[in-house]
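The structure appears below as structure tokens.
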Amino acid sequence: MAKKTKNNTLTIKQSKNLGTDLTNIMSGLQALRHHANTLMIAKHAGADNGLLRNEMNNFLETVFDMVEIYSNDLDRVAFYLLECDNPEELRAYEAEEKGE
């Protein structure tokens, strides 16, 4: 993350980065929703059960992985927003993220 301002708040660059992270998460969730909708349309249209089951299994594996990633990303964003006025906590968190 970028340097803190003199009043120990998030910088504009940091705020924009967090906003970008949230936008990316929302885009990914929307893609998952569209994929789920496509599978539901195929199911209701009478798609082959074996093929549909295989696609649904693949989708569920993807959802499982993406939820883990998005959960970690949202946790990080929430931490920065909640601790934006606590530079000691932010420095400790950044050091932990870097493995220091």
Side-chain angles (χ1 to χ4, degrees):
M1 284 290 186
K3 296 181 209 171
K4 309 296 176 283
T5 59
K6 291 182 182 179
N7 62 0
N8 295 327
T9 60
L10 292 174
T11 64
I12 292 171
K13 182 178 180 180
Q14 287 172 311
S15 295
K16 286 184 177 186
N17 286 342
L18 293 174
T20 299
D21 292 345
L22 291 174
T23 299
N24 291 339
I25 292 167
M26 292 302 299
S27 296
L29 290 173
Q30 190 167 12
L32 289 175
R33 178 188 288 158
H34 286 297
H35 193 153
N37 287 341
T38 301
L39 290 172
M40 291 305 293
I41 289 169
K43 178 183 175 188
H44 292 297
D48 176 70
N49 281 337
L51 224 120
L52 188 60
R53 187 174 325 168
N54 183 50
E55 286 302 315
M56 284 191 170
N57 286 339
N58 291 338
F59 176 69
L60 289 175
E61 289 176 14
T62 300
V63 168
F64 183 82
D65 293 340
M66 296 310 295
V67 165
E68 181 72 22
I69 292 167
Y70 292 152
S71 181
N72 291 336
D73 289 347
L74 288 171
D75 186 51
R76 183 181 50 76
V77 170
F79 183 85
Y80 273 97
L81 294 175
L82 291 170
E83 298 295 336
C84 67
D85 60 348
N86 191 340
E88 294 83 21
E89 284 292 324
L90 290 175
R91 278 193 294 276
Y93 186 78
E94 288 170 352
E96 185 179 317
E97 276 190 322
K98 292 177 184 175
E100 296 175 358

Got more than 12 heavy atoms from elsewhere within 6.0 Å of CD, Glu88?
yes
Quick one: pull up [atom1] in [X] and [atom2] in [Y] and give me the separation to the nearest 0.5 Å.
X	Y	atom1	atom2	result
Asn37	Leu32	CG	CG	11.0 Å
Gln14	Thr11	CD	OG1	3.5 Å
Met56	Asn49	CE	CG	9.5 Å
Met40	Arg33	CE	CZ	14.0 Å
His44	Leu52	NE2	CG	10.0 Å

May I ask you to decide if the ring planes of Tyr93 and Phe79 are parallel, tilted or perpendicular, using 30° and 60° as cut-offs?
parallel
Chi angles and distances behind the salt bridge (Lys or Arg N to Asp or Glu O under 4.0 Å) call for Arg76, Asp21
CA-CA 10 Å; Arg76 183 181 50 76; Asp21 292 345; 2.7 Å; yes
Do Leu22 and Leu74 come within less than 4.5 Å of each other through their side chains, counting heavy atoms only?
yes
May I ask you to test the Leu90-Asn86 pair for a side-chain heavy-atom distance under 4.5 Å?
no
Where do Asn24 and Tyr70 come nearest, in terms of heavy atoms and distance?
O-OH, 4.4 Å
Taking atom types as modelled, find out whether Glu68 and Ser71 have a side-chain donor-acceptor pair closer than 3.5 angstrom.
no
